[in-house]
Chemist: 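First the structure, then my questions, so here it is.
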Amino acid sequence: MYYITLIEFLDDTASGPSESTTVDTRLPQDTIEITFSNMPVMKERVRGTTKYDREAALAAHRAHLLCWLAYWRYRHGHISSPLVQASSLSLVPLELSDSYRRALAESQRDANLKRKRAADDDWFVHWLQHMVEWWRARFQHVIVDGSTDWTDHAAPETAAATHGLNKTNSNRGRMEECTRLLNCLQQNMVALADSTLLFVALLRMLGVRTRFVVSLQPMSFSVAATKKILAATEMQTASDRSQKGQVESKPTKRRKTNKSQNATSTKANQPQMAWCEVLHPTEGHWVAVDLARGLVNEPTRMEEHGPLPYVTAFDIGRRIKDVSRRYASQWAAKTLRLRPPMGKAGRDWWLDTLAIYAERDPSEVDVREDAELLSHELSEKMPTTVSEFNNHPLYALERHLKKFEILSPREPVIGHIRGEPIYPRSCVKQLHTAEAWLKEGRQIKKGEMPVKEVKSRAVTLLSRREQVMAQMEGYEKLSGLYGYWQTEPYAAPPVVSGKIPKNGYGNIDLFQPEMLPPGGVHLPQRGIAKIARKLDIDYAEAVTGFDFQSRHCIPVVTGIVVAAENEALVLDAWRAHEHARFEKERSKREKAALKRWRTLLHGISIRDRLQKQYGEKIDDMSVAMDDSGDEDNGSGSTPKSRSLTGKMYATNPPICDNSSDLSTQIQLALVVDL
DNA sequence: GTGACTCATGAGTCTTTGTGATAG
DNA sequence: ACTATCACTTTGACTCATGAGTCA
């Protein structure tokens, strides 16, 4: 025997000249040593994104989003405390609260005058501006935890600990949080989130419907982004660990991060901005109020610090609403793409999640707001790059059309990008082959020609053969595609005097229930075709789909179609046949059971006779036989039982000591078995 | 820094009606 | 003689989305 040792050498350029190195000096004498020089170093193949990676990133994104939602819902809940509301109201200067009441009364008195006023002259916006000025003069917004100048956007778990979310006694935590908010009112410097929450409480006390609005910024659902965050976190953890090990006692300084790390952290953890929305008491629309910058009614400026994919408004009660569209300048082209794509059924997970917090009985204000958000979405400005047009819900470019799509009609052209015409998305139509339409219960109208031809796929042996033949003859086999407007509901030829219309294969297409011919009835029962054949009734096997096996397309047959007048006859015969079949099977089982019991009884009587005749001698013999048998099969059943009754005992061994008891048990067992 | 483009990869979609041997 | 079942070549070619890299 020879031992072969493979010794790898590093690349010459990397590790200098090749040098043999003995791996194990204790190798046997007859060793063959094979040396590879300049062995190419195989580059590790970059692993692509797997389904698991995507699902994990999506789950993390959703979980993170839900954590933020729960966190802000919890904090928003505290401003409904009467103590917090009363304390915040006590701060308002009398002239501000009075001016609101006066202006409101005046505007309600003179509704016509109100309509004539320009937006700049809006009394409510003016009043809000005064309120914001006063508030900003009263409180100074501070940076919390050195994280941002917007709000304390620490991770939910850290923030939860800070605000008492993890208290075992929730009431105690709530009390502490309320006390903390009350303390904020006594101070001049507060965090922006606290300031906004208190401002919301104050306006509500003045009788103005106000929402607390926050831009939730969860981690990205993109796999690449998630991997970057994980890598950055690992690096940070390792760095923290090494620092901790080296200088345990030194006060920690802010770590200097490199450029890439900074970029990652910024992208992964955008600041969570907080502001409020105030309902205009006479106009009925929502006015955005940003305390941080003193902005009133300037929703477009909220996006200046980056896109806002999840702008969530917390209203009185438990109502929560997604109002992102109000603040997105390019909702479909940019902002919406920061959310995971919708499911196959077109369901939006986030909107479904918020549905439980929606107003059950929408008011006029809610209906108006929905209409306004939709109109804002539809009037979105056109994208400026080619890639933004891809899968855009409003616009389309011809280059992004899919194989089974077409532009119809090719007008109107609503613009150009790099010389390419831009069409409304409504011009993009889905196409199918005639067979695919038939599967949906539609047929091509007479005289319609395919609007597009695509290279057909050769799946079955037959189609593959046809494709090869076509290639040899110098042309390509194409499939014609048709649009919905070229189709009509499938009209099956009717059943005439009991004759079922059949296709070229001798059966009937029944991909949809509507494809049933008039005068026909579908009987999906298994084995019913045989009955119809015996009765000499005309029928056709119903093809409900196709199965693909071993490069063959196999039609899936589900029962038959017969004339309606024959339905009862066929069904009665089928029921009679099924009954007879059941009885036959029962009789067969009964016979088999009786046969096995007969064998058992016969065996027992032989055993009894031998016992009486030879006494203990037979026991010794059987024990000896069983011992040898054990080695053969090694099963756990009782050796004595097996030697007498074989298979029967293995499944149902009767326990008995004398023959009279045994016969009683057998009689009982027979009754049960039958 | 941004967008267009190319390439690699993995997941999902589309395809769309046998035949001969053998056992019962 | 007729009927049911099974194995064959134990789908696979293609589209699309996504991410990485390069270039202008």
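The structure displayed is predicted, hence computed values, not measured ones. All chains are named by letter (A, B, ...) in the order of the sequence lines, taking the proteins before the strands, and each is independently numbered beginning at 1.
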Chemist: Asp509(A) has a side chain; which of dT17(B), dA4(B), dC14(B) sits nearest to it?
Modeler: dT17(B)
Chemist: Less than 4.0 angstrom between a side-chain N/O of Thr385(A) and OP1 or OP2 of dG3(B), yes or no?
Modeler: no
Chemist: How is Asn390(A) classified with respect to the nucleic acid when contacts are heavy atoms under 4.0 Å: base, sugar-phosphate, or nothing?
Modeler: nothing
Chemist: Of the listed nucleotides (dC14(B), dT16(B), dA4(B)), which one gets closest to any side-chain atom of Phe404(A)?
Modeler: dC14(B)
Chemist: What are the two closest heavy atoms between Pro517(A) and Pro493(A), and how far apart are they?
Modeler: CB-O, 3.2 Å
Chemist: Within the 4.0 Å heavy-atom criterion, would you say Thr433(A) contacts the bases, only the backbone, or no part of the nucleic acid?
Modeler: base
Chemist: dT16(B) base stacked by Phe546(A)? Criteria: ring centres under 5.5 Å, plane angle under 30°.
Modeler: no
Chemist: Measure across Ala274(A) and Asp290(A) and return the closest heavy-atom pair with its distance rounded to 0.1 Å.
Modeler: O-OD1, 4.5 Å
Chemist: Can a salt bridge be assigned to the pair Glu398(A) and Arg410(A) using a cut-off of 4.0 Å between side-chain N and carboxylate O?
Modeler: yes
Chemist: How far apart are the closest heavy atoms of Trp331(A) and Arg325(A), and which atoms are they?
Modeler: CE2-CG, 3.4 Å
Chemist: Give the rounded distance in Å between these two atoms: CD of Glu420(A) and C1' of dA4(B).
Modeler: 12 Å
Chemist: What do you reckon, are the aromatic ring centroids of Trp350(A) and Tyr310(A) less than 6.0 Å apart?
Modeler: yes
Chemist: Using a strict threshold of under 4.0 Å (side-chain N to carboxylate O), is an ion pair present between Lys502(A) and Asp538(A)?
Modeler: yes
Chemist: Write out a two-atom table: protein N or O, nucleotide N or O from nucleotides 1-3 of chain C, distance below 3.5 Å.
Modeler:
none

Chemist: Can we call the ring centroids of Phe511(A) and Trp437(A) under 6.0 Å apart?
Modeler: no
Chemist: Which listed nucleotide (dC14(C), dT16(B), dA4(B)) is nearest to the side chain of Arg418(A)?
Modeler: dA4(B)
Chemist: Checking the side chain of Lys429(A) only, and the main-chain atoms of Glu405(A) only, is there a donor and an acceptor separated by less than 3.5 Å?
Modeler: no
Chemist: Which whole-number value in Å describes the distance from Lys455(A) NZ to dA13(C) C1'?
Modeler: 9 Å
Chemist: Ion pair present between Glu488(A) and Arg442(A), side-chain N to carboxylate O less than 4.0 angstrom?
Modeler: no
Chemist: Which atoms form the tightest heavy-atom contact between Ala532(A) and Ile560(A), and what is the distance?
Modeler: CB-CD1, 3.9 Å
Chemist: Phe389(A) has an atom CZ; how far is it from atom P of dA17(C), in whole Å?
Modeler: 17 Å
Chemist: List every contact pair, protein side and nucleotides 7-9 of chain C side both N or O, where the distance is under 3.5 Å.
Modeler:
none

Chemist: Decide, yes or no, whether a salt bridge links Glu304(A) with Arg301(A) under the criterion of side-chain N to carboxylate O below 4.0 Å.
Modeler: yes
Chemist: Check the distance between dT5(C)'s C1' and Arg526(A)'s CZ and give it to me in whole angstrom.
Modeler: 12 Å
Chemist: Which nucleotide sits closest to the side chain of Arg399(A): dT17(B), dC5(B), dA17(C)?
Modeler: dC5(B)
Chemist: Between atom OH in Tyr505(A) and atom C1' in dG18(B), what is the gap in whole Å?
Modeler: 12 Å
Chemist: Could you check how far CD of Glu435(A) sits from P of dT16(B), rounded to whole Å?
Modeler: 7 Å
Chemist: Could you label the plane-to-plane angle of the Phe404(A) and His432(A) rings as parallel, tilted or perpendicular, counting under 30° as parallel and over 60° as perpendicular?
Modeler: tilted
Chemist: Looking only at the side chain of Lys403(A) (C-beta and beyond, no hydrogens), which of the listed nucleotides dT17(B), dA4(B), dC16(C) gets closest?
Modeler: dC16(C)
Chemist: Rounded to whole angstrom units, what separation is found between the NZ atom of Lys439(A) and the C1' atom of dT17(B)?
Modeler: 13 Å
Chemist: Which atom names give the shortest non-hydrogen contact between His392(A) and Pro383(A), and what distance separates them?
Modeler: CD2-CG, 3.5 Å
Chemist: Can you identify which nucleotide, out of dT17(B), dT16(B), dA4(B), has its nearest atom closest to the Ser387(A) side chain?
Modeler: dA4(B)
Chemist: Output the rounded distance in Å from CG (Leu481(A)) to C1' (dC14(C)).
Modeler: 14 Å
Chemist: Using atom C1' in both nucleotides, what's the gap between dT11(C) and dC14(B) to the nearest angstrom?
Modeler: 12 Å
Chemist: List DNA chain C stems (3 or more consecutive Watson-Crick/G-U pairs, under 3.5 Å)?
Modeler: B:2-14 with C:12-24, B:18-24 with C:2-8
Chemist: Are any of Lys402(A)'s side-chain N or O atoms less than 4.0 Å away from OP1 or OP2 of dA17(C)?
Modeler: yes
